[in-house]
Amino acid sequence: MGRPRANTPSMFKSVLVANRGEIACRVFRTARAMGIRTVAVYSDADADALHVREADEAVLIGPAPARESYLDGAKVLAAAKATGAEAIHPGYGFLSENADFAEAVEAAGLIWIGPKPASIRAMGLKDAAKKLMIEAGVPVTPGYQGEDQSLETLAAEAGRIGFPVLIKAVAGGGGKGMKLVERAEDFADGLASAQREGQSSFGDPRVLIESYITRPRHIEVQVFGDGRGEVVHLFERDCSLQRRHQKVIEEAPAPGMDAATRAAVTAAAVRAAKAVDYRGAGTIEFIADASDGLRADRIWFMEMNTRLQVEHPVTEAITGVDLVEWQFRVAAGEPIPLKQDELSIQGWAMEARLYAEDPATGFLPSIGRLEHFRLPEGNVRVDTGAWEGGEVSQFYDPMIAKLIVHEDTREAAAEALAEACAQVEVWPVRTNAGFLVRCLEHPRFVSGDVDTGFIAAEGAGLIPSVPSDDVAVASLVLLADRQHVGPHGSNGSPWESDADGIMGFRMNAEPRSRHVADLSGHRIDGSVFSNQSGDFAWRVSVHGRDAVIGRSEYRHIMIGKDAAVRYVENLGGHEGIIFDRGAAWSVDQARSSGASGSAAASDGTLRAPMPGKIVSVPVKAGDAVTKGQPVVALEAMKMEHALTAPFDGTVEAIHVTPGDQVGADAVLAVVTKGD
């Protein structure tokens with residue numbers, strides 16, 4: 001991404017970013033480089049946020065709930081007026097695709113850094129957008145986008161299309177309000193859930209139905225228009241690695257995209273943008289049937305995002321373009337900085353989204369204070385709005401950072417991004433870093449054999465649910481060290497000693513001791529032998545194997561910068577935390593000899609995994625339920641989470657009703673086993 005060029009006299013002097021977190025910080029970065037004064041807005045929950053501290057000026061606009069702060073357009077406009085901001089950049093999410101807000105900004109005499117309101121309206125509703133694309137000659141996915149929203153009509157149309165089908169909120173985005181329904185008997189429940197999410201997230205419960213493609217790839221094209229008929233594309237991205245329709249890893253260009261197919265899909269994207277007289281940065285999203293590779297006749301329009309995308313950095317990396325600078329310049333009335341023939345693809349870029357979520361618990365969002373927060377350094381771009389000591393709140397999206405790499409080849413990019421994710425250290429908030437490493441290193445991903453069903457197909461193999469041997473060895477050595485006092489620090493900790501002082505710190509140690517570690521609920525039982533005069537420092541017997549750690553290897557394995565595992569002590573009351581390629585494991589002395597590695601069988605009590613709002617209770621006390629059947633639906637962190645029956649049985653009690661606000665660990669319902 002090149003450094004912004006010198007400004008012209010037409011450029012505005014100040015900009016307010018009507019957003020939060022990493023996108024606000026990212027927009028500020030370009031604004032600072034261009035000498036533009038920055039204004040932040042924030043809620044009560046974000047008073048100490050990084051984007052607030054990085055802005056030249058910041059304005060409190062309301063309580064933590066987004067509808068009372070970041071989604072309140074009147075408060076945002078009042079903040080712009082109070083600070084003298086000349087322009088408003090909406091980022092993504094919140095008000096970024098709200099045509100009424102865009103009109104209000106322009107009516108207030110401010111510069112709207114985004115598409116024309118008419119363009120937002122034309123593309124904002126998926127059903128209307130598909131009709132417009134058909135008129136423009138852009139191929140669209142077979143489906144139903146009619147006005148009749150009755151259950152009877154929608155169910156009939158789903159049957160006509162043929163299961164499986166996708167139900168999609170017409171005003172949706174980011175996977176919200178999107179439900180895959182594979183059987184006719186599940187359609188009503190899927191529809192109700194999609195409608196609730198559509199109403200909650202976008203204020204619109206209407207849906208459309210599309211045929212579900214069994215081997216889909218998500219291909220999107222970055223477009224940029226000047227609002228006067230000129231549109232260029234900045235090539236394609238592949239965003240097929242998804243979980244629950246949420247993008248996880250994105251890359252540019254798309255693997256397997258030949259020149260003819262690229263020409264066809266980018267030309268269709270330009271036609272789509274021209275059809276709405278597009279201005280600024282936008283993305284035309286396509287779905288491709290990948291059962292026979294990428295082919296121009298098997299790629300269909302899905303929707304247009306009339307804003308900057310989360311994954312825009314990979315396009316910036318392969319083109320050398322700063323898309324936010326382009327947004328500023330076009331909004332100020334300047335032409336698009338480059339012509340189509342001046343744009344080209346250089347190398348390969350990949351981005352991983354680091355989420356505050358726990359893969360081991362079905363990817364439930366994780367909230368709390370970031371007591372330890374360490375992101376990779378070196379040849380990697382890090383976009384984040386989080387910081388050590390900050391809070392991950394229940395009120396906003398769980399994405400806490402984006403990691404972006406740019407290399408000459410796809411293979412090199414995948415390797416570099418895996419290593420970047422492996423360096424992530426976050427505690428006690430859980431993240432998907434270890435999961436990302438496994439995705440990036442999976443042979444299917446490395447070969448480019450990826451579709452939107454990749455994560456579901458590979459399943460538990462992508463989740464680091466069992467500690468590695470390196471972690472097991474480290475945990476036992478840690479506990480052995482804790483029992484003795486040596487000459488290196490108050491507790492003789494080798495973790496604090498220098499490389500030359502590792503040996504000789506355990507003059508009074510027993511030659512061999514048995515230790516049992518509790519590694520995040522996994523029982524690790526083994527023996528540790530410390531050698532004071534031989535050619536090794538430790539020998540650890542665990543999992544039926546002997547691991548010998550030599551003098552020179554000790555620091556490398558345990559605490560070095562390039563360590564196989566890295567240890568951080570005194571976090572959250574644990575003996576220590578061991579980080580292993582993105583995964584985090586707490587280490588404690590085992591208190592009992594109970595079984596390890598898995599939780600006890602559920603007693604049927606369904607508890608809230610986090611604070612949230614009850615949105616649905618589809619069963620009642622006395623109902624018979626089957627394993628996996630939804631019992632309660634909880635909305636938190638902008639997503640709906642279904643709590644399901646842990647086994648076949650009967651609903652003994654329901655303790656909540658729709659609309660209730662509940663705290664973490666609150667008992668929501670109880671299911672008893674059947675006979």
Side-chain angles (χ1 to χ4, degrees), residues 125-127 129-130 140-202 204-218 239-240 242-248 285-291 300-303 362-363 451-457 459 615-619 623-635 638-645 658:
L125 297 178
K126 291 183 174 67
D127 54 349
K130 290 184 72 171
V140 303
T141 313
Y144 171 77
Q145 50 269 348
E147 294 296 326
D148 188 343
Q149 293 283 300
S150 67
L151 171 60
E152 293 75 18
T153 296
L154 293 172
E157 288 295 331
R160 178 187 61 80
I161 295 166
F163 290 92
V165 299
L166 272 180
I167 304 173
K168 302 170 71 172
V170 298
K176 299 175 183 65
M178 185 184 299
K179 301 296 173 183
L180 169 63
V181 180
E182 302 187 74
R183 305 180 306 165
E185 51 266 42
D186 297 329
F187 184 81
D189 287 343
L191 174 63
S193 181
Q195 289 171 329
R196 283 194 302 269
E197 283 192 1
Q199 179 64 47
S200 173
S201 298
F202 314 108
D204 191 339
R206 291 177 298 154
V207 301
L208 59 83
I209 304 171
E210 290 181 348
S211 174
Y212 181 73
I213 298 167
T214 55
R215 281 220 64 194
R217 279 180 60 182
H218 187 127
C239 306
S240 298
Q242 301 179 6
R243 189 189 64 77
R244 288 184 61 189
H245 309 296
Q246 288 271 17
K247 298 168 187 174
V248 176
E285 301 201 359
F286 297 87
I287 190 166
D289 181 349
S291 57
W300 301 280
F301 170 86
M302 281 199 305
E303 63 188 36
F363 295 91
D451 56 48
T452 60
F454 171 84
I455 290 174
V615 295
S616 174
V617 183
V619 298
D623 284 356
V625 291
T626 58
K627 182 179 180 179
Q629 180 177 338
V631 176
V632 177
L634 174 77
E635 182 183 72
K638 299 171 69 176
M639 293 294 288
E640 186 173 306
H641 309 277
L643 283 80
T644 61

Is the backbone of Thr153 close enough, under 3.5 Å, to the side chain of Ser150 for a donor and an acceptor to pair up by distance?
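Answer holds: yes.
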Any sub-3.5 Å donor-acceptor pair from Ser240's side-chain atoms to His218's backbone N or O?
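It does hold such a pair.
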Using the test side chain to side chain contact (heavy atoms under 4.5 Å, CB included), find all partners of [X] that sit at least two apart in sequence or belong to another chain.
X	answer
Ala645	Val625, Val631
Gln145	Asp127, Lys130, Lys131, Leu208
Pro658	Val617
Gln149	Leu154, Arg206, Val207

What residues form a salt bridge (Lys or Arg N to Asp or Glu O under 4.0 Å) with [X], not counting sequence neighbours?
X	result
Arg183	Glu185, Asp186
Lys247	Glu220, Glu285, Glu311
Asp289	Arg298

Just so I know, are the side chains of His245 and Leu166 near enough to count as touching, which here means a heavy-atom distance under 4.5 Å?
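In short, these two side chains touch, coming nearer than 4.5 Å.
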Is Tyr212 close to Val181 at the side-chain level, that is, under 4.5 Å between some pair of heavy atoms?
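Sidechains of Tyr212 and Val181: no contact.
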Which residues pass the ring-ring contact (aromatic ring centres under 6.0 Å, His included) test with Tyr144, not counting sequence neighbours?
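Scan of Tyr144 (ring-ring contact (aromatic ring centres under 6.0 Å, His included), adjacent residues dropped) gives none.
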By ring-ring contact (aromatic ring centres under 6.0 Å, His included) - contacts of Phe363 (at least two apart)
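For Phe363 the ring-ring contact (aromatic ring centres under 6.0 Å, His included) partners, ignoring immediate neighbours, are Phe435.
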Gap separating the CG atom of Asp189 from the CD atom of Gln629, nearest 0.5 angstrom:
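Here the interatomic distance stands at 8.0 Å.
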For Ser200, what residues pass the side-chain hydrogen bond (donor to acceptor under 3.5 Å, both in side chains) criterion, not counting sequence neighbours?
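In terms of side-chain hydrogen bond (donor to acceptor under 3.5 Å, both in side chains), with neighbours along the sequence ignored, Ser200 is linked to Glu635.
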Any pair counted as salt bridge (Lys or Arg N to Asp or Glu O under 4.0 Å), so long as it reaches residues 161-170, sequence neighbours left out
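Every salt bridge (Lys or Arg N to Asp or Glu O under 4.0 Å) pair that includes a residue of residues 161-170, provided the two are not neighbours, is Lys168-Glu210.
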